[in-house]
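Chain identifiers are assigned alphabetically (A, B, ...) following the order of the sequence lines, protein sequences preceding nucleic acid strands; residue numbering begins at 1 within each chain. Computed from heavy atoms alone, side chains included, the values below leave out hydrogens, waters and symmetry copies.
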2 protein chains.
Amino acid sequence: MTTLAEENYLKAILKLSNYTLEIVSTNAIAKELKTKASSVTEMIKKLTDKKLVNYQKYKGVSLSKSGYKTAIDIVRKHRLWECFLVSKLQFDWDEVHDVAEQLEHIKSSKLIDSLDIFLGNPKTDPHGEPIPNINGEFPKSNSLPLSEFPNDIIGEVIGVSNDDPSLLKYLDFLSLSIGSKVIINKKIDFDNSFEIVINNKQNHISHKVAKTLLIREL
Amino acid sequence: MTTLAEENYLKAILKLSNYTLEIVSTNAIAKELKTKASSVTEMIKKLTDKKLVNYQKYKGVSLSKSGYKTAIDIVRKHRLWECFLVSKLQFDWDEVHDVAEQLEHIKSSKLIDSLDIFLGNPKTDPHGEPIPNINGEFPKSNSLPLSEFPNDIIGEVIGVSNDDPSLLKYLDFLSLSIGSKVIINKKIDFDNSFEIVINNKQNHISHKVAKTLLIREL
DNA sequence: TCAAAAATTTAGGCAAAACTAAAAAAAATT
DNA sequence: AATTTTTTTTAGTTTTGCCTAAATTTTTGA
Ligand SMILES: [Mn+2]
Ligand SMILES: [Mn+2]
Ligand SMILES: [Mn+2]
Ligand SMILES: [Mn+2]
């Protein structure tokens, strides 16, 4: 049985490894979890004892098979609960993340699998992020961050890879949502920002924002 | 902010005080929470510091106004989540308690109030127990435990005051559910058991079971 | 009323998960 | 290659919530 703290570490490692079994550094985990490197080292030892990660002193840590499955399950729960909050309880997309951070730790496979069915087996969460299925497999989609998308081509926003409410509220302000059509007019070299057209209206966005927008060619 | 352990203590005290501000003993709490009296004493001190209970050494503990409200909120959450599991996710009534024990600790008043609306403001949970409203008030109902109900009078089962799955499965086996009609034929003095008619079928139940059945005169 | 029994509290520890400060290893620079 | 900087680990504390054993208070009942 995994503790809440262990689950949060596994989830952080999964995210930092870009959802693979790549090696992740102690410092990166500490930063992600807003904790100290020494705390991370201690927890990694516990996770190693439980065979949830592979670890070599000073060399970093990677998820084991079972650690990966555990972490994916938490992401599955997080994203399904976000769907529930938006589609059944009328939450806005910027209100769901913090509650889902709590709900993702509820332990009951019957609960989450019933919820999945109740929601109609959604493929993506309210931010367009893919939901692992009951076997832990992702529907991989062919998208690029807007920051890497070519100029002058119509793209569709299919997701936002960051659940920070301040970002999401800003996107609302820009009238930018899942399904919006965008075209990059111009990349500004000086600060890596972008002139873009969103639903036929001219806008300017920073590199930091552009990185979070997942775009599919139309 | 209350911790999970604190919430479980408050809930236990509320239950043992019969949902009043009555004084409760250290040992009773220890038994309810399957912990040791010494642990209870320590926790009571913390709850006292937080002004959630009133306490005098060796004299027992009672909920304060704010402790009562906090405890009632947890009961409200517990029972609403049980409703959700049964009415939306098709759980059986004996499967919901353990999951609700986890869900009741999710912190978000928007979540629970939206859930209440989503469920249509139910007045009772799947076991017939009353659900406090958004202001923490119970709909008080005029029911008696079957063990105190008079003989030869038709009663209706309106609730079960214990969520133990083994009890609930046994009631299923007896075809006894919320709404069932019952008549006590005979009280057996030797073991305090009962001969009763459930939906026109003759049965025999123990005192322990009879105490959990809440009956309303028809 | 007063000793025995029961209930409760105190004292002293333990494990989980965090922290700070110091030591050690690895990486980057000169 | 040697030195400085950065990263990581170790050592020693803290807090929360639990435990056992011992001490104290209350209750029981002879
Ligand atoms: Mn989220
Ligand atoms: Mn999301
Ligand atoms: Mn219950
Ligand atoms: Mn119930």
*asked:* Quick test of your reading: applying salt bridge (Lys or Arg N to Asp or Glu O under 4.0 Å), list the pairs with at least one residue in residues 93-103 of chain A, sequence neighbours left out, ordered by first then second residue.
replied: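 The answer is A/K11-A/E101, A/D94-A/K169, A/E95-B/K110.
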Could you give the side-chain donor-acceptor pairs of residues 70-77 of chain B under 3.5 Å, partners two or more places apart or in another chain?
residue	atom	partner	partner atom	Å
B/T70	OG1	B/S66	O	2.7
B/D73	OD1	B/K69	NZ	3.3
B/D73	OD2	B/K69	NZ	3.4
B/R76	NH1	B/D116	OD2	3.1
B/R76	NH1	B/P132	O	3.1
B/R76	NH2	B/D113	OD1	2.8
B/R76	NH2	B/D116	OD2	3.2
B/K77	NZ	B/E104	O	3.2
B/K77	NZ	B/I106	O	2.9

*DNA chain D contacts made by residues 3-28 of chain B, counting heavy atoms under 4.0 Å*: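 Those residues whose heavy atoms fall under 4.0 Å from DNA chain D, taken from residues 3-28 of chain B in numerical order, are B/T3, B/A5, B/Y9.
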_Using a 4.0 Å cut-off on heavy atoms, which residues in residues 45-58 of chain A reach DNA chain D? List them by number, or say none._
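A/K45, A/Y55, A/K57, A/Y58 - these, ordered by number, are the residues of the stretch whose heavy atoms sit under 4.0 Å from the strand.
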*asked:* In this structure, how many angstroms lie between the P atom of D/dT9 and the CD1 atom of A/I44, rounded?
replied: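 Taking CD1 of A/I44 and P of D/dT9, I get 6 Å after rounding.
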Side-chain atoms of residues 25-45 of chain B: list all donor-acceptor pairs with protein atoms under 3.5 Å, sequence neighbours left out, distances to 0.1 Å.
residue	atom	partner	partner atom	Å
B/S25	OG	B/A28	N	3.1
B/E32	OE2	B/K15	NZ	3.2
B/T41	OG1	B/A37	O	3.2

_ring-ring contact (aromatic ring centres under 6.0 Å, His included) partners of B/H105, counting only residues at least two apart_ =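 B/H105 satisfies ring-ring contact (aromatic ring centres under 6.0 Å, His included) with no residue once adjacent residues are dropped.
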_Can you list everything that forms a ring-ring contact (aromatic ring centres under 6.0 Å, His included) with A/Y9? Sequence neighbours excluded, please._
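By the ring-ring contact (aromatic ring centres under 6.0 Å, His included) rule, A/Y9 matches no residue at all.
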_Residues forming a side-chain contact (heavy atoms from CB on, under 4.5 Å) with B/E195, sequence neighbours excluded_ =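 Per chain and number, B/E195 pairs via side-chain contact (heavy atoms from CB on, under 4.5 Å) with B/N185, B/K186, B/I188, B/Q202, B/H204.
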*With sequence neighbours left out, write down each residue that passes side-chain contact (heavy atoms from CB on, under 4.5 Å) with B/V86, or none if nothing qualifies.*
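So B/V86 forms a side-chain contact (heavy atoms from CB on, under 4.5 Å) with B/V96, B/P126.
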*Can you give the first and last nucleotides of DNA chain C, 5' to 3', that have an atom under 4.0 Å from a heavy atom of chain B?*
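Under 4.0 Å from chain B, the extent on DNA chain C is C/dA7 to C/dT10.
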*Hey, does B/K107 have a side-chain heavy atom less than 4.5 Å from the side chain of B/T2?*
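The answer is yes, as the side chains (C-beta and beyond) meet within the 4.5 Å cut-off.
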Sequence neighbours excluded and cut-off under 3.5 Å, please list the side-chain donor-acceptor pairs for residues 136-150 of chain A, or say none.
residue	atom	partner	partner atom	Å
A/E137	OE1	A/N133	ND2	3.0

*asked:* Give me each pair satisfying ring-ring contact (aromatic ring centres under 6.0 Å, His included) with a member in residues 21-42 of chain B, each pair once, sequence neighbours excluded.
replied: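 Output for this query is empty, none listed.
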